[in-house]
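None of these values were measured; they are calculated from a predicted model. Letters go in sequence order (proteins before strands), and every chain restarts at 1.
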Number of protein chains: 2
Amino acid sequence: MWCNSDIMEYTDKQVQIIDIAQDLFAENGYDGTSVRDIAKAADINVAMVSYYFGSKEGLLEAIFSRHAEYVRLKLENLIQDKSQSPFQKMEVIIDSYIDKYFSQQPFHKLVARSQLSNSNKPVKDMLNDMKKRNQDLIKRLIQEGQKTGDFKKNIDVQMLMSTMLGTANQVMTTQDFYREVNNMTDLPDEEFLKILKKKLRSHLQALFKAILKNED
Amino acid sequence: MWCNSDIMEYTDKQVQIIDIAQDLFAENGYDGTSVRDIAKAADINVAMVSYYFGSKEGLLEAIFSRHAEYVRLKLENLIQDKSQSPFQKMEVIIDSYIDKYFSQQPFHKLVARSQLSNSNKPVKDMLNDMKKRNQDLIKRLIQEGQKTGDFKKNIDVQMLMSTMLGTANQVMTTQDFYREVNNMTDLPDEEFLKILKKKLRSHLQALFKAILKNED
DNA sequence: AAAAATTAATTAAACGTTTGTTTAAGTTAA
DNA sequence: TTAACTTAAACAAACGTTTAATTAATTTTT
């Protein structure tokens, strides 16, 4: 009964499996998570994974496809917003990415893992498509800012994006280290994350300002 | 016969196993690499891994411990070099990191993987120790630059390092994507990497300059 | 220096689990 | 009655590790 169509609506049960698998994959890796682990956590039978998604790998693809559409829509809406300046939009993008990184850490851990891995060709292709689409939109935004004279010329969009994604990812994956070094282990989780997000936000905004903004 | 002492010299055979395992772990992940895979690639018997390193996990620890000493020495030598200005030293650090990232990609992929993983407590502790030591050294370097007036006050060392490591890592893990988008697939590997390194280098140096250097 | 004894290195085979997937029987709902 | 759903059980394959036997190297004794 399962299908791989690009346009696919998932049932509640399937979404439940997807969400739980996402957490487990992010936590223990794809290879480190067994179908039985997923079945147990989602309180379903082992066979259901193959039944719904064809295979374990099919489940992984389903996880990514569910996010692809969401990101695309959000970016396209922002880009067409006429009420904000290019740099304001850039700030919104930074904020959105940080929020998304922190509110959906498991998913982004999974993305990072998948990028490191060289298996799962269809999954990698899907990730690359996502990324290319997003980057094209941001490129258009930067070109817009260059036309109005707000932004400098000769901006390497990919390096800029690598810095945003890479820094956010690095901060996220090493947050325990950060917490330890700065003696913030006593702080409640929520408060620590709030501070960390604030620091990351101002750091990235300073970087983007230095790279993007014209001095005049 | 195997041992876990901090000071451990490895035999040629052990080093051979370590090097090959490093590549395989980086390529397919720790869980994605079987002891039999390692044995086959290193042309040894399966039992040799347990014999030499106690276990598969012991082998992973051995891989990291071999790098720890090297990095520490290099940084300490640089920091004590009186012939260079603080910012020159910073540039050297950037260059060294980039060189190391690109010349030892498998190892750094493995580090990235291990940071994402939440298993392997002893390995994570070792990585954190490495990182803390390195960051302390760089902190001292920055404080030195602040004393001479070369650097700004209020510099978040960890955010700065997160940007360097994160950006380098992101560029490395997505280099195929970068290559594709920029129509550089026809270029020889060597030439492409040279260009990519150059771009990354100037990008990071611009970032560091904007964050570190005083304007006066 | 040769022979014997001891330790180290290496091997193939087997161990008990766990893996992803399939099957075939059963249940539920339309 | 038919179709979709769910289940427990079984499957073969791969996993990390251990064992016991054999070869190679080293040390000790003669």
Rounded off to whole Å, could you give me the [atom1]-to-[atom2] distance for the [X] and [N] pair?
X       : N      : atom1 : atom2 : result
B:Leu59 : D:dT17 : CG    : P     : 10 Å
B:Lys40 : C:dT10 : NZ    : C1'   : 19 Å
B:Gln14 : C:dT10 : CD    : C1'   : 14 Å
A:Gln16 : D:dT6  : CD    : C1'   : 14 Å
B:Ile38 : C:dT10 : CD1   : C1'   : 18 Å

Quiz item: Under 4.0 Å between a side-chain N/O of A:Tyr52 and OP1 or OP2 of D:dT6, yes or no?
Solution: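 The answer is yes; a side-chain N or O of A:Tyr52 sits under 4.0 Å from OP1 or OP2.
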Exercise. Name the orientation class of the two ring planes belonging to A:His67 and A:Phe107 (parallel below 30°, tilted from 30 to 60°, perpendicular beyond 60°).
Key: parallel
Self-check item: Donor-acceptor under 3.5 Å (A:Thr167 side chain, A:Met164 main chain)
Solution: no
Self-check item: Expected output: side-chain B:Asp37 to main-chain B:Ser34 donor-acceptor under 3.5 Å
Solution: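 Such a contact is found between B:Asp37 side chain and B:Ser34 backbone.
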Practice problem: Test B:Asp95 against every option in B:Lys100, B:Arg201, B:Lys74, B:Lys198 by the salt bridge (Lys or Arg N to Asp or Glu O under 4.0 Å) rule and name the one that passes. | Solution: B:Arg201
Quiz item: Would you call A:Lys132 and B:Glu180 a salt bridge, taking side-chain N to carboxylate O under 4.0 Å as the test?
Solution: no
Quiz item: Reading nucleotides 11-23 of chain C 5' to 3', which nucleotides get B (base under 4.0 Å from a protein heavy atom), which S (sugar-phosphate only), which -?
Solution: BB-B----BBBBB
Quiz item: Do A:Lys56's NZ or CZ and the ring of A:Phe25 fall within the cation-pi criteria of under 6.0 Å and 45°?
Solution: no
